[in-house]
Amino acid sequence: MAVDVLLGLQWGDEGKGKIVDVLAPQYDLIARFQGGPNAGHTLEFDGKKFVLNTIPSGIFEKHTMNLIGNGVVIDPIILKKEIEKLKEAGHDLLTKKNLMIARKAHLILPTHQLLDASSEKKMGDGKIGSTLKGIGPTYMDKTGRNGLRVGDINLPDFKEKYQKLVEKHLSILSNYGEVDDFSEKEKAFFDALELLKKFPHVDSEHLVAKYLKEGKKVLAEGAQGTMLDIDFGSYPFVTSSNTTTAGACTGLGIAPNKIGEVIGIFKAYCTRVGGGPFPTELDNEIGEELRKIGHEFGATTGRPRRTGWIDLPALKYAIMLNGVTQLVMTKADVLSGFDKIYACTHYKYDGELIDYMPYDICTIQPEPIYEEIDGWKEDLTGIREVSEIPAKLQNYIDYLEKHLEVPVKYLSVGPDRLQTLILN
Ligand code: GDP
Ligand code: IMO
Ligand code: MG
């Protein structure tokens with residue numbers, strides 16, 4: 001058996017949560033492998049809507065276990081809120097016993113968030129546009145070998161370790177100016193750790209290996225998107241983890257030869273939230289229309305998402321980096337009614353036509369070169385059969401498959417679980 005991976009191919013918010021929820025019945029374990037509560041994964045079914053930040057999107061499927069992997073950074077306060085909200089909605093995870101947490105996952109401290117805020121403030125106009133959840137500073141402590149992990153919370157000297165790290169943070173923060181009072185947050189942090197202790201703490205590498213040995217099916221769930229990858233994204237306008245398939249290997253403890261299908265998700269157009277380059281951005285009425293029809297506002301921060309046409313050089317890059325074997329196209333319904341839609345096939349860069357992401361995309365804005373494609377008028381949201389797909393949408397799918405050289409296996413035509421078609 002091998003682990004399938006599902007991840008975003010653009011700048012995040014491609015609809016990962018929805019598709020993981022749709023696929024969950026086929027899997028025994030859904031495992032988040034990186035990121036933290038900067039993620040907002042939206043699921044809709046039975047007229048209800050849930051946004052998950054840290055908890056894997058398989059949590060609503062009766063027979064599926066869920067794991068928060070070692071590559072994830074956990075804010076215990078946010079995780080507690082997520083757990084409590086789910087309980088209020090009738091999904092008590094402690095009773096259902098369907099959530100496990102990796103011992104090696106790192107903890108986001110209240111002071112990590114203060115550091116995130118101060119760092120962004122200092123950068124002024126050049127800021128990353130972080131979700132301010134403390135993601136960057138927590139991964140910095142992880143790689144700097146200072147971090148605190150879930151497994152540490154049971155150690156007798158945890159409080160001392162915590163204090164030592166907070167003191168380090170305070171000394172850095174003092175360089176930025178006055179430090180906000182965080183005593184309430186600190187209280188909430190320790191309170192939330194008590195809830196964290198009630199869930200099974202596991203070694204994700206052994207757990208996943210055991211599942212595979214027993215012939216069980218595992219899906220690794222990514223957060224953010226490939227273009228936000230710390231190594232290969234639009235650096236420095238990225239997040240602080242590897243959002244790519246390689247991140248699933250390190251974020252769960254899977255050997256590369258144990259990776260199976262790689263399911264890459266993209267929107268029928270493109271969005272980005274926060275700062276940084278976005279070659280196909282439409283800073284005009286069309287962009288505004290896409291935002292309005294697509295409800296393009298961040299699931300975590302509520303910020304308006306920047307919108308634009310589909311970017312094929314960026315998608316091809318993401319497919320190459322991840323070894324994508326199947327594609328999922330979401331939000332096709334949002335494009336209904338546009339007379340013409342546009343696909344960026346190349347960039348004009350330094351006087352030449354190129355079809356890859358240049359190194360200095362942050363300093364030299366490449367000019368997108370588009371091909372025009374006929375749009376479709378039909379409302380797609382009620383479509384449940386492949387035979388009902390309008391010819392012009394099929395033409396768009398064929399066009400994308402030709403350029404991307406990977407089959408589009410799933411098509412999403414609305415936010416609900418049921419608004420999903422299997423194509424190939
Ligand atoms: P994620 O972070 O990749 O899980 O994506 P988000 O949940 O942040 O953003 C995707 C948004 O689009 C959510 O509001 C989803 O409910 C919604 N969504 C997902 N698929 C579709 C679709 O096919 N059509 C429409 N209209 N909305 C969708
Ligand atoms: P999901 O999983 C979209 C963006 C932020 C910012 C940059 C760095 O829902 O797709 P960070 O908080 O990591 O320091 O922010 O990354 N970002 C996301 N954009 N979807 C996400 O997650 C994101 N997580 C972070 O807006 O530009
Ligand atoms: Mg999201």
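The structure displayed is predicted, hence computed values, not measured ones. Numbering of ligands and ligand atoms starts at 1, following listing order.
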Proximal ligand 2 atoms for [X], defined as those under 4.0 Å from one of its heavy atoms:
{"X": "Leu228", "value": "4 (C), 16 (O), 17 (N), 18 (C), 19 (N)"}
{"X": "Ala39", "value": "1 (P), 2 (O), 9 (O), 22 (O)"}
{"X": "Arg303", "value": "5 (C), 26 (O)"}
{"X": "Gly129", "value": "5 (C), 6 (C), 26 (O), 27 (O)"}
{"X": "Lys16", "value": "1 (P), 2 (O), 10 (O)"}
{"X": "Ala223", "value": "2 (O)"}
{"X": "Trp11", "value": "3 (C), 19 (N)"}

Checking side-chain polar atoms at under 3.5 Å, does [X] have a donor or acceptor matched by the opposite partner on [Y]?
{"X": "Asp311", "Y": "Thr280", "value": "no"}
{"X": "Thr271", "Y": "Asp13", "value": "no"}
{"X": "Asn242", "Y": "Asp231", "value": "yes"}
{"X": "Glu221", "Y": "Tyr27", "value": "no"}
{"X": "Gln26", "Y": "Asp4", "value": "no"}
{"X": "Gln419", "Y": "Glu44", "value": "no"}

Kindly indicate, with the supporting measurements, whether the criterion side chain to side chain donor-acceptor pair (under 3.5 Å) is fulfilled by Thr138 and His112.
CA-CA 6 Å; Thr138 306; His112 281 130; 3.2 Å; yes

Please confirm whether [X] comes within less than 3.5 Å of ligand 1 when only nitrogen or oxygen atoms on both sides are compared.
{"X": "Gly15", "result": "yes"}
{"X": "Thr330", "result": "no"}
{"X": "Gly414", "result": "yes"}
{"X": "Gly40", "result": "yes"}

Please state which protein non-hydrogen atom is closest to [atom] and give its distance, to 0.1 Å?
{"atom": "atom 13 (O) of ligand 2", "answer": "Thr239 OG1, 2.6 Å"}
{"atom": "atom 23 (C) of ligand 2", "answer": "Gln224 CG, 3.6 Å"}
{"atom": "atom 3 (C) of ligand 2", "answer": "Asp13 OD2, 3.2 Å"}
{"atom": "atom 11 (P) of ligand 2", "answer": "Ser130 OG, 3.6 Å"}
{"atom": "atom 27 (O) of ligand 2", "answer": "Val273 O, 3.1 Å"}

Counting only heavy atoms, tell me which of [options] gets closest to [atom].
{"atom": "atom 9 (O) of ligand 1", "options": "Arg305, Glu296, Lys18", "result": "Arg305"}
{"atom": "atom 9 (O) of ligand 2", "options": "Ala299, Gly276, Gly40", "result": "Gly40"}
{"atom": "atom 1 (P) of ligand 1", "options": "Met329, Lys16, Lys331", "result": "Lys16"}
{"atom": "atom 23 (O) of ligand 1", "options": "Ala332, Pro415, Ser412, Gly222", "result": "Ser412"}

Where does Val238 meet ligand 2, judged by heavy-atom distances below 4.0 Å: at the side chain, the backbone, both, or neither?
backbone

Contact region, His41 to ligand 2, non-hydrogen atoms below 4.0 Å, reads side chain

Tell me whether the rings of [X] and [Y] are parallel (<30°), tilted (30 to 60°) or perpendicular (>60°).
{"X": "Phe50", "Y": "His91", "answer": "perpendicular"}
{"X": "Trp376", "Y": "Tyr396", "answer": "tilted"}
{"X": "His403", "Y": "Tyr399", "answer": "tilted"}

Apply salt bridge (charged side-chain N to carboxylate O under 4.0 Å, His left out) to residues Lys81 and Glu84 and explain how you reach the verdict.
CA-CA 5 Å; Lys81 280 192 194 137; Glu84 285 172 349; over 6 Å; no

If you measure from CD on Gln10 to CZ on Arg272, what distance do you get to the nearest 0.5 Å?
12.0 Å

So how far is it from Leu400 CG to Asp398 CG, rounded to the nearest 0.5 Å?
9.0 Å

Between Asp374 and Lys340, is there a side-chain N and carboxylate O pair less than 4.0 Å apart?
yes

Given Tyr356 and Tyr347, is the ring pair (Phe, Tyr, Trp, His ring centres under 6.0 Å) satisfied, shown in steps?
CA-CA 8 Å; Tyr356 59 88; Tyr347 305 132; 8.3 Å; no

Out of the candidates Lys331, Lys18, Glu14, Arg417, only one should pair with Ser412 under the side chain to side chain donor-acceptor pair (under 3.5 Å) rule; please name it.
Lys18

Neighbouring protein N, O or S atoms of the Mg ion (ligand 3), below 2.8 Å:
2

Sub-3.5 Å N/O-N/O distance, Thr131 and ligand 2:
yes

